[in-house]
Amino acid sequence: MINGVRKEAYLCERYVPGKSMDEVKEAYGLNSVVKLGSNENAYGPFEHTKLAMASEINRLNIYPEKNFIKLKNLLGEKYGLDGSYIGLGHGAGGVLETLARTFLEAGDKVIIPKESYRLYREISKMMGAVVKEIPLDSGFSMNLDDFKAALTPKCKLIWLCNPNNPTGSLFDKEKFKELVNALPESTWIVLDEAYAEFAPNELLPNGIDFIKQHKNVICVRTFSKYYGLAGGRIGYLVADPELITCYDTVSEPFNANRIGLAGAVSIIEHDLATAKTYGDRIVADRERISEQLTEMGCAVSPSYANFVFFSTPYPAAETAEQLMRRGVIVRPCGGWGYDRHIRVTVGNTEENDIFLSELKAVLEANASANAPEISV
């Protein structure tokens with residue numbers, strides 16, 4: 001251990017990203033690779049957005065004051081609020097990390113879904129919090145009654161991902177209302193809706209309404225997924241203005257980059273229709289992938305995100321490695337305890353067709369290799 005480093009840094013698990021496209025090409029001698037492991041939007045960035053971001057290059061020597069304020073106001077208008085309800089951050093991950101630093105002290109309790117976005121657990125542990133993990137149910141969804149039963153006055157935060165990563169599932173919005181109404185005075189729900197735009201709006205709880213009612217709810221969203229700006233790193237939260245003031249105090253000044261901000265502003269002003277066109281295409285391909293995986297004999301869970309969560313009869317890590325050798329990167333879910341499950345991002349239609357074709361070949365090869373010998 002290095003002297004002086006907080007002990008929590010050694011108690012947390014480091015995020016291990018999948019191999020990059022260049023790494024896979026080099027490792028397996030491939031000319032092309034389809035990357036479907038990181039839930040990125042293959043159709044972004046959009047045309048107006050690219051122009052807006054390019055125009056900012058000559059101003060990178062200046063802090064991004066104008067678009068920083070403008071984006072807060074535009075997002076406030078989107079939700080029928082003013083800009084004081086909006087906080088910005090370096091992607092949704094940066095927002096979540098700052099919220100952990102805003103709320104958590106050593107010994108505080110947090111509740112998280114066990115099979116969900118790992119960052120919740122690690123940033124909570126880094127702040128010295130005690131983490132209570134609630135397993136998903138047999139349908140790979142959150143039972144919010146279990147979260148309500150785990151509430152104590154020591155609980156400071158509940159982290160909820162809806163739709164959930166990696167399963168793509170939604171929780172019951174009426175149960176969410178019951179959970180909100182059962183919160184102790186000092187307990188807050190962080191509702192991470194990074195994938196919400198891919199889900200039917202009527203199935204989602206209206207977190208903004210709870211905020212307007214002064215409930216202890218914080219909504220977190222991002223421009224990374226639906227809006228195709230993963231590399232722009234723009235996330236945001238919607239919350240009570242007093243809480244936003246605390247968040248901004250804890251956060252670094254102007255905690256979003258100029259190019260990403262310009263892209264986010266341009267999306268709202270010029271590219272919302274384009275985003276919807278491609279978002280609808282992703283949803284349609286998501287359903288097509290699910291149907292074809294089912295036809296291949298895979299067990300597919302209903303997804304409301306931009307990815308599909310499914311299992312095969314074979315170990316996920318081995319299947320993912322076989323796909324990688326064929327130039328397709330997917331995410332095996334053994335790290336969440338699902339040793340036969342894979343999460344595949346919905347790419348563009350051509351990428352999706354390549355994935356389906358290569359997976360079919362892998363499954364057929366595995367079935368042949370594992371077929372019982374027939375004695376004569």
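- The OG atom of Ser124 lies 8.5 Å from the CG atom of Leu119; values are rounded to the nearest 0.5 Å.
- Side-chain contact of Arg331 with Asn39: a donor-acceptor pair under 3.5 Å is absent, judged by distance alone.
- Ser301 contributes no side-chain N or O that, together with a main-chain N or O of Thr167, makes up a donor-acceptor pair within less than 3.5 Å.
- Using a 4.0 Å cut-off between a side-chain N of Lys or Arg and a carboxylate O of Asp or Glu, Arg59 and Glu56 qualify as a salt bridge.
- For the residue pair Tyr338 and Glu115, the shortest heavy atom distance occurs at OH-CG, 3.3 Å.
- A pairwise comparison of heavy atoms in Thr345 and Ser38 identifies OG1-N, 3.5 Å as the closest pair.
- Taking hydrophobic clusters as Ile, Leu, Val, Met, Phe, Trp and Tyr residues chained together by side-chain heavy-atom distances below 4.5 Å, Ile57 shares a cluster with Leu261.
- Tyr227 and Ile282 fall within the same hydrophobic cluster, where Ile, Leu, Val, Met, Phe, Trp and Tyr residues are linked whenever their side-chain heavy atoms come under 4.5 Å apart, directly or through other members.
- Screening Glu77, Glu269, Glu65 for a salt bridge (charged side-chain N to carboxylate O under 4.0 Å, His left out) with Lys70, the sole residue that qualifies is Glu269.
- For Glu8 and Lys125, the salt-bridge test fails: no basic side-chain N is under 4.0 Å from an acidic carboxylate O.
- In this structure, SG on Cys333 lies 14.0 Å from CZ on Arg340, to the nearest 0.5 angstrom.
- Side-chain atoms of Arg258 come within 3.5 Å of backbone atoms of Ile62 as a donor-acceptor pair (strictly under, hydrogens ignored).
- With contacts defined as side-chain heavy-atom distances shorter than 4.5 Å, the pair Leu160/Phe176 qualifies.
- In Glu350, the CD atom is not crowded: 12 or fewer heavy atoms of neighbouring residues, nucleotides or ligands sit closer than 6.0 Å.
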Name every donor-acceptor pair, under 3.5 Å, that has one atom in a side chain of residues 139-153 and the other anywhere in the protein, sequence neighbours excluded.
unit_1 : atom_1 : unit_2 : atom_2 : d
Asn143 : OD1    : Asp145 : N      : 3.0
Asp145 : OD2    : Lys175 : NZ     : 3.2
Thr152 : OG1    : Lys154 : N      : 3.3

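- The CG atom of Asp353 sits 7.5 Å away from the CG atom of Asp285 when rounded to the nearest 0.5 Å.
- The environment of CD in Glu202 is crowded: more than 12 heavy-atom neighbours from other residues, nucleotides or ligands sit within 6.0 Å.
- Shown here is Glu26, whose CD atom has no more than 12 heavy atoms of other residues, nucleotides or ligands within 6.0 Å.
- For Ser55 (side chain) and Ala52 (main-chain N/O), a donor-acceptor pair under 3.5 Å exists by modelled atom type.
- The two atoms that bring Ala239 and Ile244 nearest to each other are O-CG1, 3.7 Å, heavy atoms only.
- Between Arg221 and Ala92 the shortest heavy-atom distance is O-CB, 4.3 Å.
- Between Asp280 and Lys276 there is a salt bridge, with a side-chain nitrogen of the basic residue lying less than 4.0 Å from a carboxylate oxygen of the acidic one.
- Under a hydrophobic-cluster definition in which Ile, Leu, Val, Met, Phe, Trp and Tyr are linked whenever side-chain heavy atoms come within less than 4.5 Å, directly or via other members, Tyr117 and Phe171 are assigned to different clusters.
- Taking 4.0 Å as the cut-off between side-chain N and carboxylate O, Arg121 and Glu133 count as a salt-bridged pair.
- Looking only at side-chain heavy atoms (C-beta outward), Glu97 and His90 stay at 4.5 Å or farther from each other.
- Closest approach of Tyr43 to Asn41, counting heavy atoms only: N-OD1, 2.9 Å.
- Interatomic distance, OG of Ser224 versus CZ of Arg233, reported as 4.5 Å (0.5 Å rounding).
- Salt bridge Asp22/Lys35: absent, no basic N to carboxylate O contact under 4.0 Å.
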Chi angles and distances behind the side-chain contact (heavy atoms from CB on, under 4.5 Å) call for Leu157, Ile112:
CA-CA 9 Å; Leu157 291 178; Ile112 65 172; over 6 Å; no
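- Aromatic ring centres of Tyr304 and Tyr195: separated by at least 6.0 Å.
- At least one donor-acceptor pair closer than 3.5 Å links the side chain of Asn257 to the backbone N or O of Gly260.
- Although no hydrogens or angles enter the test, the distance criterion places a donor-acceptor pair under 3.5 Å between the side chain of Thr102 and the main chain of Thr98.
- Using a 4.5 Å heavy-atom cutoff, the side chains of Arg288 and Thr349 are in contact.
- When the side chains of ILVMFWY residues are joined at heavy-atom separations under 4.5 Å, either directly or via intervening members, Leu51 and Val265 end up in two distinct hydrophobic clusters.
- Of all heavy-atom pairs between Val217 and Ile211, the closest is O-CG1, 3.3 Å.
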Step by step, would you call Tyr247 with Leu99 a side-chain contact (heavy atoms from CB on, under 4.5 Å)?
CA-CA 7 Å; Tyr247 171 90; Leu99 284 171; 4.0 Å; yes
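- Looking at Tyr85 and Ile208, their side chains never come closer than 4.5 Å, going by heavy atoms from C-beta outward.
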Passes side-chain contact (heavy atoms from CB on, under 4.5 Å), Leu293 versus Leu356? Steps please.
CA-CA 8 Å; Leu293 287 173; Leu356 289 167; 4.3 Å; yes
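- Without hydrogens or angle criteria, Asn306 side chain to Val346 main chain gives no donor-acceptor distance under 3.5 Å.
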Would Val190 and Leu237 count as a side-chain contact (heavy atoms from CB on, under 4.5 Å) here? Give the steps.
CA-CA 9 Å; Val190 179; Leu237 71 154; over 6 Å; no
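- Using the six-membered ring where Trp is involved, Tyr226 and Phe198 have ring planes that are perpendicular, over 60° apart on the 30 and 60° scheme.
- Enclosure of atom CG in Asn31 is not indicated, since only 12 or fewer non-hydrogen atoms of other residues, nucleotides or ligands lie within 6.0 angstrom.
- Residue Tyr28 places its OH atom among more than 12 non-hydrogen atoms of other residues, nucleotides or ligands, all under 6.0 Å distant.
- Put simply, the side chain of Phe103 reaches to within 4.5 Å of the side chain of Ile218, judged on heavy atoms.
- In this structure, CD1 on Ile69 lies 11.5 Å from CG on Leu74, to the nearest 0.5 angstrom.
- Between the side chain of Ser266 and the main chain of Ala262, no donor-acceptor pair closer than 3.5 Å is present.
- There is a side-chain donor-acceptor pair under 3.5 Å between Asn366 and Gln322.
- By the 4.5 Å heavy-atom criterion applied to side chains, Asp108 and Met127 are not counted as neighbours.
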Which side-chain N or O atoms in residues 177-188 pair as donor and acceptor under 3.5 Å with protein atoms at least two apart or in another chain?
unit_1 : atom_1 : unit_2 : atom_2 : d
Asn181 : OD1    : Lys215 : NZ     : 3.3
Asn181 : ND2    : Lys177 : O      : 3.3
Thr187 : OG1    : Cys155 : O      : 2.6

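- Rounding to the nearest 0.5 angstrom, the gap separating the OG atom in Ser116 from the CD1 atom in Ile134 is 12.5 Å.
- One hydrophobic cluster, built from ILVMFWY side chains closer than 4.5 Å, holds both Tyr236 and Ile267.
- Side-chain atoms of Trp159 and Val110, non-hydrogen and from C-beta on, do get closer than 4.5 Å to each other.
- Looking at Val238 and Ile86, their side chains come closer than 4.5 Å, going by heavy atoms from C-beta outward.
- Open room surrounds NZ on Lys132; 12 or fewer heavy atoms of other groups in view lie less than 6.0 Å from it.
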